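Okay, so here's the structure we're looking at.
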Amino acid sequence: MVPLVAVVSGPRAQLFACLLRLGTQQAGLLQLHTGASHAARNHYEVLVLGGGSGGITMAARMKRKVGAENVAIVEPSERHFYQPIWTLVGAGAKQLSSSGRPMASVIPSGVEWIKARVTELNPDKNCIHTDSDEQISYRYLIIALGIQLNYEKIKGLPEGFAHPKIGSNYSVKTVEKTWKALQDFKEGNAIFTFPNTPVKCAGAPQKIMYLSEAYFRKTGKRSKANIIFNTSLGAIFGVKKYADALQEIIRERNLTVNYKQNLIEVRADKQEAVFENLDKPGETQVISYEMLHVTPPMGPPDVLKTSPVADAAGWVDVDKETLQHKRYPNVFGIGDCTNLPTSKTAAAIAAQSGILDRTISLIMKNQTPTKKYDGYTSCPLVTGYNRVILAEFDYKAEPLETFPFDQSKERLSMYVMKADLMPFLYWNMMLRGYWGGPAILRKLFHLGMS
């Protein structure tokens, strides 16, 4: 691993390193939950739904606010995954084992782990129900249930993953199949898809395309590969500055991008993918493939779709600045399950966690929230095995960059941050409630430039 100071040098970087060491020391004081779940009580001051990035982060923050014994997390999974690294797992640059840890090891010590699935939310009565027939009430509810993968909405999936030549970086069950398909590629079409739904980490479907192209070059197969990105969108990226940079890479590397093309069927036994032209409903095209990477349709979890907390589309209906629910003042949302009009990423959740912490603090004191979330999100666009374009932007799709250089350029330093620094920050600071995004670094860097 390249040391950060060797990549970004100077006094500002040294200040950042000091802050990082200080934060790590603080985080180290937090003893993590390592035992099995206990018999749950039926009421908690703060109840957190979901043990993903947003849920664990907010549980750690709420523990410091109201005491561990007054906080509980409802989560059925035995393992917690750092999913942003799966892009590199699918390209053979990281091991899948590095992305997961036991759920018990990331739940804050003393916080109750209710190992069950939420089956119903009843915010009018301040309670939820689980699949173990428990009714649990709360004073404050934080909904962090994530996003649901809907592979079954593509005809032929998920059963098609039993065949070779097909993978998906979005599931722990299929990410290694992407790497196998990449290694086994001989000659033909390598197809990468983007669905006609909201997705988490909207850059990931094309990141694996750039990595695959680099792998083909490295292994002498590039001349035999016809690389195709079929996206349901009308643009390569939603922020012009980064879209322009990506278009240049696409041109230089001779990649084919087809817009308004939505994957509707996979015939894995024949190695065929069927796409619908969204501009001409009913018009389809069948393309044979030697490798296929599928980004599945996604949507809100089923339990939320018919819940009183959901908007018409099924997402948790929160104020976009405070993350407080629009109708239930003691209910809050964070992350992928919300209707916040920004890209659904772990970086967005980090920024949201700091805002939500302040919001809940003031609500608990019967005060009006003042801190406002600006929609900050980040997408490290991996364009090769040692290069990243670090896209950072806000609700207005305007760049909101941290570093004092042009982040639309491919850089080794940003790759090191993506591959090594961000996982460290995630496990050691964010999940322990000590990382609220890079806003403070942005201020320090920009002050240093003034």
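Residues: numbered from 1 along the sequence shown. Model, not experiment: these values are computed from the prediction.
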**Item:** Pairing of Lys241 and Asp406 as salt bridge, 4.0 angstrom limit
**Value:** yes
**Message:** If you apply the rule side-chain contact (heavy atoms from CB on, under 4.5 Å), what do you find for His80 with Arg101, and how did you get there?
**Reply:** CA-CA 5 Å; His80 179 104; Arg101 296 186 182 181; 5.5 Å; no
**Item:** Side-chain heavy atoms of Phe332 within contact of Ile363, under 4.5 Å
**Value:** yes
**Tyr385 six-ring centre to Lys218 NZ/CZ under 6.0 Å and within 45° of normal** = yes
**Asked** Heavy-atom distance under 4.5 Å between the side chains of Tyr138 and Ile128, does that happen here?
**Response** yes
**Prompt:** Taking everything shown except Lys409 itself, do over 12 heavy atoms lie less than 6.0 Å from its NZ?
**Reply:** no
**Request:** Could you tell me how the ring of Phe237 sits relative to the ring of Tyr242: parallel (under 30°), tilted (30 to 60°) or perpendicular (over 60°)?
**Result:** perpendicular
**Asp131 (side chain) donor-acceptor with Arg117 (main chain) under 3.5 angstrom** = yes
**Request:** May I have the step-by-step check of side chain to side chain donor-acceptor pair (under 3.5 Å) for Glu134 and Ser132, ending in yes or no?
**Result:** CA-CA 6 Å; Glu134 291 176 291; Ser132 50; 3.0 Å; yes
**Residues Leu121, Leu49; criterion side-chain contact (heavy atoms from CB on, under 4.5 Å); working and verdict** = CA-CA 10 Å; Leu121 286 76; Leu49 306 184; 3.9 Å; yes
**Asked** How are the rings of Phe403 and Phe405 set relative to one another: parallel (under 30°), tilted (30 to 60°) or perpendicular (over 60°)?
**Response** parallel
**Prompt:** At what distance, to the nearest 0.5 angstrom, does CD of Gln83 lie from OG1 of Thr345?
**Reply:** 12.0 Å
**Message:** Consider side chain to side chain contact (heavy atoms under 4.5 Å, CB included). Of Ile360, Leu356, Thr322, which one does Pro369 pass it with?
**Reply:** Thr322
**Prompt:** So which heavy atom on Ala72 is nearest to which on Ile114, and how close?
**Reply:** CB-CD1, 3.9 Å
**Message:** Rounded to the nearest 0.5 Å, what separates atom NE2 in His325 from atom CD1 in Ile143?
**Reply:** 6.5 Å
**Request:** Mind telling me whether Tyr170 and His293 have parallel, tilted or perpendicular rings, with 30° and 60° as the class edges?
**Result:** tilted
**Request:** Evaluate the ring planes of Trp179 and Tyr215, with Trp represented by its six-membered ring, and classify them as parallel (under 30°), tilted (30 to 60°) or perpendicular (over 60°).
**Result:** perpendicular
**Modelled atom types, side-chain donor and acceptor of Ser97 and Gln95, under 3.5 Å** = no
**Message:** Run the salt bridge (Lys or Arg N to Asp or Glu O under 4.0 Å) test on Lys180 and Glu176 for me, step by step, so that the C-alpha distance in whole Å, both residues' side-chain angles and the decisive distance to 0.1 Å come before the verdict.
**Reply:** CA-CA 6 Å; Lys180 184 70 165 60; Glu176 290 180 309; over 6 Å; no
**Request:** Would you check if the side chain of Asn150 reaches a backbone N or O of Pro296 as a donor-acceptor pair within less than 3.5 Å?
**Result:** no
**Request:** Check the pair Cys379, Lys207 against side-chain contact (heavy atoms from CB on, under 4.5 Å), reporting the backbone distance first and the verdict last.
**Result:** CA-CA 10 Å; Cys379 182; Lys207 295 177 194 179; 3.8 Å; yes
**Prompt:** Is the NZ or CZ atom of Lys344 positioned over Trp315's six-membered ring, under 6.0 angstrom from the centre and within 45° of the axis?
**Reply:** yes
**Nearest heavy-atom neighbours spanning Leu340 and Asp319** = CD2-O, 4.0 Å
**Request:** Evaluate the salt bridge (Lys or Arg N to Asp or Glu O under 4.0 Å) criterion for residues Glu272 and Arg267: first the C-alpha distance (whole Å), next the side-chain angles of each, then the deciding distance (0.1 Å), finally the verdict.
**Result:** CA-CA 5 Å; Glu272 293 179 344; Arg267 301 167 183 167; 3.3 Å; yes
**Request:** For side-chain contact (heavy atoms from CB on, under 4.5 Å), just list the numbers for Met62 and Asp357, CA-CA rounded to whole Å, side-chain angles, deciding distance to a tenth of an Å, and then say yes or no.
**Result:** CA-CA 8 Å; Met62 293 300 101; Asp357 192 343; 4.0 Å; yes
**Prompt:** Can you find a heavy atom in the side chain of Phe161 that is under 4.5 Å from one in the side chain of Ser171?
**Reply:** no
**Item:** Enclosure of Lys221 NZ (heavy-atom neighbours >12, cutoff 6.0 Å)
**Value:** yes
**Item:** Parallel, tilted or perpendicular: rings of Tyr395 and Tyr373 (30°, 60°)
**Value:** perpendicular
**Item:** Neighbour count above 12 (heavy atom, 6.0 Å) for Lys153 NZ
**Value:** no
**Request:** Report yes if some heavy atom in the side chain of Leu421 is under 4.5 Å from a heavy atom in the side chain of Val416; otherwise report no.
**Result:** no
**Asked** Would you say Arg327's side chain and Asp317's backbone share a donor-acceptor pair under 3.5 angstrom?
**Response** no
**Prompt:** Looking at NZ of Lys260 and CG of Asp279, how far apart are the two atoms once the value is rounded to the nearest 0.5 Å?
**Reply:** 5.5 Å
**Asked** Out of curiosity, Asn230 CG to Thr295 OG1, how far, rounded to the nearest 0.5 Å?
**Response** 11.5 Å
**Message:** Is it the case that the side chain of Gln206 and the backbone of Ile236 share a donor-acceptor pair, with hydrogens and angles ignored and the cut-off at 3.5 Å?
**Reply:** yes
**Request:** Give, for atom CD1 of Ile147 and atom SG of Cys201, the distance between the pair rounded to the nearest 0.5 Å.
**Result:** 11.5 Å
**From Ser137 atom OG to Asn122 atom CG, the distance as rounded to the nearest 0.5 Å** = 11.0 Å
